[in-house]
Amino acid sequence: MESLETVMEDDASIYGEEGRYRLLEVDNRVICPSSSNVRFLVSSEDVIHCWTVPSLGVKVDAIPGRVNRVVFNRKRVGVFYGQCSEICGANHSFMPISMEIVPQ
């Protein structure tokens, strides 16, 4: 099992680039193939989070000490954005998710 960690990119690194969104862009996107089943195992280290990408219909809670699973299959190709949708602390609004679905 591989862990994925991302950090929100600062304004200077995306300034003037077309198609990149401030406060939603990350340095390391989740990349998934299209038209295949993808399973995510989600957990948390500190507080309850909620991993959400609304345009893909994916939402799963990340609870400390518990592993939750979500499986999905998408045919649309592109870049999709989401955020933590749980009130989890002071920097809650700065937890972006960027997922790229690529052709198989």
Would you name the heavy atoms of [X] and [Y] that are closest together and state the gap between them?
X: P103; Y: S34; answer: CA-OG, 3.6 Å
X: V53; Y: Y81; answer: CG1-O, 3.9 Å
X: S43; Y: A62; answer: O-CB, 3.5 Å
X: V38; Y: F40; answer: CG1-CE1, 3.7 Å
X: K59; Y: S85; answer: CE-OG, 3.6 Å
X: K75; Y: S35; answer: CG-OG, 3.9 Å

Open item on the list: Could you measure the distance from the CD atom of E100 to the CD1 atom of I31? Nearest 0.5 Å is fine.
Closed with: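 Here the interatomic distance stands at 5.0 Å.
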
- [ ] Drop me the distance from R29's CZ to S98's OG, to the nearest 0.5 angstrom.
- [x]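 The OG atom of S98 is 4.0 Å from CZ of R29, to the nearest 0.5 Å.
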
Open item on the list: Counting C-beta onward and ignoring hydrogens, is there a side-chain heavy-atom pair between D46 and P64 closer than 4.5 Å?
Closed with: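 Counting from C-beta outward, D46 and P64 never come under 4.5 Å.
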
Between [X] and [Y], is there a shared hydrophobic cluster once you connect ILVMFWY residues whose side-chain heavy atoms come closer than 4.5 Å?
X: L56; Y: I97; result: yes
X: M99; Y: V70; result: yes
X: V47; Y: M95; result: no
X: F80; Y: F72; result: yes
X: I63; Y: V58; result: no

Open item on the list: So does G82 get a backbone contact from the side chain of T52, meaning a donor-acceptor N/O pair under 3.5 Å?
Closed with: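 Not at all, since once roles are kept as given, no pair shorter than 3.5 Å links the two residues.
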
Task: Backbone N/O of D61 and side chain of N68: donor-acceptor pair under 3.5 Å - done: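 Looks like yes, one N/O pair under 3.5 Å.
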
TODO: Could you please spell out the steps behind the side chain to side chain contact (heavy atoms under 4.5 Å, CB included) verdict for R76 and S55?
DONE: CA-CA 10 Å; R76 293 189 331 188; S55 57; 4.1 Å; yes

Open item on the list: Heavy-atom count check: over 12 atoms from other residues, nucleotides or ligands less than 6.0 Å from Q104 CD?
Closed with: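 More than 12 heavy atoms, drawn from other residues, nucleotides or ligands, come within 6.0 Å of this atom.
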
